[in-house]
Amino acid sequence: MKKKRKSSANVKLAPPVLVARWRFYFVGVVMAALMLALVVQLARVQVVSGTDRGADFLRQAGEDRTFRSEVLPGYRGIISDRNGEPLAVSTPLVSVYLDPQVVSSDYPRLPQLAKAAGMKLGDLKNKLERYSSHSYMSLKPRLPPEYADRIKALGIPGIFYETEYRRFYPSAEVSAQLLGFTNFTDQGQEAIELAYDNWLRGEPGSKTVLKDEKGNVIREVGITHAASPGNNLDLSIDLRLQYMAYRELKAAVAKNNASAGSVVVLDAHSGEVLALVNQPSFNPNDRSELDGEAVRNRAVVDQLEPGSTIKPFSIMAAMEAGVADTNSIIDTSPGYVHVGGKTFLDPVNYGKMDLTKIITKSSQVGTTKLALKTGPEAIRDMYYRVGFGQAPGTGFPGESVGQLPNHRRWPSVTLANYAFGYGFTASVLQLAQAYSVIANEGVKKPVSLLRVDETPRGQQVIASDIAREMKKMLATVTQKGGTGARAQLAHYNTAGKSGTAHLIGETGYADDKYRSLFAGFAPFDNPRIVVVAVISEPKTGKYYGGEVAAPVFGRVTESALRLLEVPPESNPNTEQMAQLGGGQ
């Protein structure tokens, strides 16, 4: 049976609940206070300065996320020769990086990027996949700006660019050991680059840029600190002479199948080094196969026994000591002399000889007899005064001082060796400086690898009359019958001395290893340049300095004087050029 639904008219409603008016106002006030507190907090955070984690803090945090400081490299100073020809310059390069999170391996414009970067598409994809979890990847390091501009022109987001500088050496291997090189941060590592690093190095600056969340530069805000370029450096080298000397030395080393060689060309008036070359050499622009032997500047840092090139100085010591003069006669018969259990020989028995002939023929016997009369102190003092046993003072890293012993006791055989170039060591540069003293009639000039604007006065270290007499003696060496006839020139008179030194082997001096030397100057009347040529270990059968090194001296000196526009002289020995003497 269905129940009857009650009529709505019979339903009674509950009485309404009355809310106190104060409660309504209370809730309203609370809500208003909360809104006011929120407004105050927002104002404190976003408007009011000076509060903890307030507007300044948030503003700085925002700037830290969008503003970046980037380095402005300061380029390294230029190294030039004496005429302003660049020897070392810093060229701008651009390294390209990208964000693999933005430019991924499936990026639609990847083929265009690969082409612009000079990469194979497959190689680029593989690299991006390897760096897919990173936010930084090197795309192309150290590109020339024009190649980097090709990538920039694509306008692909997520790619960044950094400008840096790379050192470039226009003369390459010709001046390699003199200039040295820099590392990847453009800091000097060898030679002049190292010696003058603080002078050449630039000071980097900084700039502020605005970047988005992907690291893309939106705009440059401004320069925070301007970069300062390094100072330029002018060397004493004449690049024309440097190229010429290097060409002649390289050809001579190859012709004689030698292991090494050096040539130094010195300005006789100023002491400036006009050319300084070595073999073997290297290309500082490509150091992929760098050989430590080739990096060494042999002419400055290597020590060698100068052999017979030292005889003029031991004979001048005898002249100073009053042991002999230009009229003195030394009897060298029978062509040898026994000293301390050792025999010193001349090629032939020259008999009675004056000082000039001893120099002309490079007589061991004559030199030995003079040395024994002179004594070690006078000879060593002469050597020291002309520059042996002390640094030339060029500032070149590792510059050789050489060894100039001052024995407490001087056995006669030691003194004899000392007098003709054994038992002490010197560098090629020191030998050139010593010969400049004779060329300048006894005045010693400081040696410089930097351009000298004012010719130094120098110091008188040998009496001028003795030095002039030695100049005349040395002039006979390059004439017919002298040991250095191959050093005579077609258009200039020369003077100099040949030398041949045994090299040290495993058990003492080797019988089959030699160093060939020639040191001299030209023109004779008013010497303009001093030239020293050294060829180490020639292996073609010829090894005397007059045979191997003298021709190098001749070719370098003749060409150098022409390049320096020195007027040619009247040479009475031109018809004797074909007369080629042997020599020590």
Side-chain angles (χ1 to χ4, degrees), residues 303-326 328 330 332 337-340 342 344 346 353-390 392 400-427 430-438 441-444 459-471 473-474 477 496-502 517 519 584:
Q303 300 180 34
L304 53 85
E305 290 179 310
S308 294
T309 58
I310 207 68
K311 289 176 181 175
F313 302 98
S314 63
I315 290 178
M316 283 193 294
M319 295 169 70
E320 271 191 352
V323 171
D325 58 30
T326 53
S328 298
I330 308 298
T332 64
V337 61
H338 298 292
V339 179
K342 187 174 181 179
F344 298 104
D346 281 338
M353 309 175 73
D354 60 12
L355 300 190
T356 299
K357 191 172 182 181
I358 290 174
I359 289 291
T360 307
K361 295 298 185 180
S362 194
S363 170
Q364 303 281 64
V365 177
T367 304
T368 299
K369 288 189 172 184
L370 283 170
L372 294 175
K373 292 181 180 179
T374 305
E377 290 79 12
I379 294 175
R380 186 187 184 280
D381 181 58
M382 170 64 70
Y383 291 174
Y384 186 81
R385 276 182 281 145
V386 298
F388 299 116
Q390 51 185 310
S400 176
V401 176
Q403 297 179 354
L404 189 64
N406 190 8
H407 302 291
R408 184 172 297 178
R409 299 178 63 183
W410 287 85
S412 57
V413 68
T414 301
L415 175 56
N417 284 323
Y418 207 66
F420 51 76
Y422 287 93
F424 75 97
T425 60
S427 69
Q430 285 176 306
L431 188 59
Q433 184 183 37
Y435 268 77
S436 74
V437 175
I438 301 175
E441 298 186 352
V443 177
K444 180 185 175 186
Q459 179 184 5
Q460 192 83 41
V461 295
I462 302 175
S464 58
D465 57 337
I466 292 177
R468 278 195 296 270
E469 292 299 332
M470 183 51 65
K471 277 181 64 178
M473 296 180 200
L474 291 174
V477 174
K497 183 70 185 71
S498 58
T500 309
H502 284 275
L517 309 94
Q584 297 179 41

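Keep in mind that this is a model prediction, so the values were computed, not measured.
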Gap separating the [atom1] atom of [X] from the [atom2] atom of [Y], nearest 0.5 angstrom:
| X | Y | atom1 | atom2 | value |
| --- | --- | --- | --- | --- |
| Met319 | Leu370 | CE | CG | 10.5 Å |
| Met316 | Leu355 | CE | CG | 12.0 Å |
| Met473 | Ile315 | CE | CD1 | 7.0 Å |
| Lys471 | Ser464 | NZ | OG | 11.0 Å |
| Ile379 | Phe313 | CD1 | CZ | 13.0 Å |
| Asp346 | Ser363 | CG | OG | 3.5 Å |

Hey, are the side chains of [X] and [Y] touching, using non-hydrogen atoms and a 4.5 Å cut-off?
| X | Y | result |
| --- | --- | --- |
| Asp325 | Glu469 | no |
| Phe420 | Ser314 | no |
| Arg468 | Asp465 | yes |

Looking only at non-hydrogen atoms, find the nearest pair between [X] and [Y] and report the distance.
| X | Y | value |
| --- | --- | --- |
| Gly496 | Val477 | O-CB, 3.2 Å |
| Ala324 | Ser328 | CA-OG, 3.3 Å |
| Ala416 | Val339 | CB-CG1, 4.5 Å |
| Gly366 | Ile330 | CA-CG2, 4.2 Å |
| Gly423 | Pro405 | O-CG, 3.4 Å |

Check your understanding: Quick one: does Gln433's side chain have a donor or acceptor within less than 3.5 Å of a partner on Tyr435's backbone?
Key -> no

Practice item. Look at the side chain of Gln430 and the backbone N and O of Gln390, then say whether any donor-acceptor pair between them is shorter than 3.5 Å. Key: yes

Exercise for review: Carefully, step by step, assess Thr367 and Phe344 under the rule side-chain contact (heavy atoms from CB on, under 4.5 Å).
Suggested key: CA-CA 10 Å; Thr367 304; Phe344 298 104; over 6 Å; no

Check your understanding: What do the steps show when you test Leu304 against Leu517 for side-chain contact (heavy atoms from CB on, under 4.5 Å), and what is the final call?
Key -> CA-CA 11 Å; Leu304 53 85; Leu517 309 94; 3.9 Å; yes

Review point. Applying side chain to side chain donor-acceptor pair (under 3.5 Å), which residue pairs with at least one partner in residues 408-426 are found, sequence neighbours left out?
Key: Gln303-Thr425

Point to revise | Working for side-chain contact (heavy atoms from CB on, under 4.5 Å), residues Met382 and Ile462 | key: CA-CA 8 Å; Met382 170 64 70; Ile462 302 175; 3.6 Å; yes

Check your understanding: Got a sec, which pairs hit salt bridge (charged side-chain N to carboxylate O under 4.0 Å, His left out) with one end in residues 378-387, sequence neighbours left out?
Key -> Glu320-Arg385, Asp381-Arg385

Exercise for review: For Lys311 and Ser362, run side chain to side chain donor-acceptor pair (under 3.5 Å): C-alpha distance rounded to whole Å, both residues' side-chain angles, the deciding distance at 0.1 Å, then the answer.
Suggested key: CA-CA 8 Å; Lys311 289 176 181 175; Ser362 194; 2.9 Å; yes

Practice item. Report the C-alpha distance between Leu372 and Leu415 in whole Å, list the side-chain angles of each, state the deciding distance to 0.1 Å, and finish with yes or no for side-chain contact (heavy atoms from CB on, under 4.5 Å). Key: CA-CA 7 Å; Leu372 294 175; Leu415 175 56; 4.2 Å; yes

